[in-house]
Amino acid sequence: NASFACVLIGRGQQLVACADILLSRSHHVVHVISDCVLVVEWAQRHGVNRTSPGEDFEAALSRETFDYFFSIVNHAITPTTVLEMARLGAINYHDSLLPAHSGFHATTWSILDGAVQHGITWHRMTQTVDAGPYLLQRSFPISEHDTAFTVAARAAELAIRTFPELVEQLENNSATETPSQPARDFRSKSERPGLVVLDWTRPSKELLRICRAFDFGNEDNWLTCTKLQTPSGDFLCIGSVTLT
C-alpha cells in the first residue's frame with residue numbers, strides 16, 4: 001500500500017501512540033500542532049516540524065503537502081480551510097459514541113446522564129463539530145465505580161487499540177462511512193451544570209454519581225469540582241469518593 005503523509009493536532013500520550021502507529025506502518029508524519037510536552041519531545045526525537053496551536057499553523061501547513069489530517073485529543077475547533085488542505089480528508093477522535101454526548105466533557109455528561117455504556121468514535125471532520133460521517137465506533141460498559149477519569153482513560157486505550165484498524169481501512173480504501181446523526185446533546189466548552197454543591201436530601205446513588213462525574217483523577221479539571229457546603233457557609237471541593 002502507498003504511504004500517507006499525515007498532519008496531527010492534539011496532545012498527550014494518545015496522540016504520541018497514534019503517531020508511532022503511523023510510523024510503524026511506513027506512513028509519514030510531516031507536521032504536528034501541539035504545545036504538549038510529550039508531543040514536543042516526540043516531534044524533536046523524530047525530526048518532525050511542529051507548530052504551537054497559538055501560532056499561525058494554517059500558514060505553516062500551507063507549505064506542506066499531506067494526505068490526512070488527524071485530530072486526536074484536540075480541544076479547539078480547527079478552521080475549515082485547514083481541513084480542506086488534507087488531500088484525502090480530516091479525521092477526528094471523539095471520546096463518546098456519537099451522536100450521544102457530542103462536544104466537550106463527554107465522559108462527565110455521560111456519567112451525569114446515568115449512561116450504562118460509553119465508547120469512542122473516529123469520524124470525518126466537517127465544518128460542524130462532531131457532525132462528520134462515522135468511520136469506526138466501539139463501546140464499553142460503565143460501572144458504578146467509574147469516574148470521568150477512568151472512563152476517559154478506557155476510551156483513550158480503546159482509541160489506541162482501534163487506530164491500526166482504522167489506518168488499515170484507509171490503506172485498503174475499505175473504510176465504511178456511516179452517515180452521522182443529529183447531535184442529541186451537544187455541550188459547549190463553557191457549559192457547566194451549576195455550582196455542583198451536594199444536596200444531602202437527594203438519594204446517595206445520585207450524589208455518588210455527581211462526585212464520580214467530576215472526578216478527573218490527576219488530570220487538570222477545567223470544568224468544575226463537586227462541592228460540600230459546611231455549616232459556616234464555606235465550600236470544600238471533593239476530589240474523589242469511595243463506594244462502600
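Across every non-hydrogen atom of Gln169 and Leu135, the tightest pair is OE1-O, 4.1 Å.
The shortest distance between side-chain heavy atoms of Trp42 and Val48 falls below 4.5 Å. Side-chain atoms of Arg209 and Ile111, non-hydrogen and from C-beta on, do get closer than 4.5 Å to each other. A 4.5 Å side-chain heavy-atom check between Leu112 and Ile210 finds at least one atom pair inside the cut-off. Put simply, the side chain of Cys6 does not reach to within 4.5 Å of the side chain of Phe66, judged on heavy atoms. Two residues are said to be in side-chain contact when any heavy atoms from C-beta on lie closer than 4.5 Å; Arg154 and Leu158 fail this criterion.
Side-chain contact of Thr121 with Gln137: a donor-acceptor pair under 3.5 Å is present, judged by distance alone. Side chains of Thr107 and His118: a donor-acceptor N/O pair is absent below 3.5 angstrom, by distance only. No side-chain N or O of Asp67 forms a donor-acceptor pair with one of His27 less than 3.5 Å apart.
Residues Met85 and Phe4 do not share a hydrophobic cluster, defined by chaining ILVMFWY side chains whose heavy atoms lie under 4.5 Å apart. Note on Ile9 and Val30: same hydrophobic cluster, where clusters join Ile, Leu, Val, Met, Phe, Trp and Tyr whose side-chain heavy atoms are under 4.5 Å apart, directly or indirectly. Under the 4.5 Å side-chain contact rule for hydrophobic residues, Phe69 and Phe163 do not share a cluster.
From Leu22, atom CG reaches atom CG of Leu170 across 9.5 Å, with rounding to the nearest 0.5 Å. The NE2 atom of His105 sits 8.5 Å away from atom NE2 of His75, with the distance rounded to the nearest 0.5 Å. Taking CG of Leu97 as the start and CD1 of Ile120 as the end, the distance is 8.5 Å to the nearest 0.5 Å.
Ring geometry for Trp122 against Tyr93 counts as tilted: the plane angle lies between 30° and 60°, on a 0 to 90° scale.
Salt bridge absent: Arg50 and Asp35 never bring a charged side-chain N and a carboxylate O closer than 4.0 Å.
Remark: Asp130 engages no residue in a salt bridge (Lys or Arg N to Asp or Glu O under 4.0 Å) (not counting sequence neighbours).
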Please assess Val73 against Leu15 for the test side-chain contact (heavy atoms from CB on, under 4.5 Å), listing each intermediate value before the final yes or no. CA-CA 7 Å; Val73 194; Leu15 183 144; 5.9 Å; no

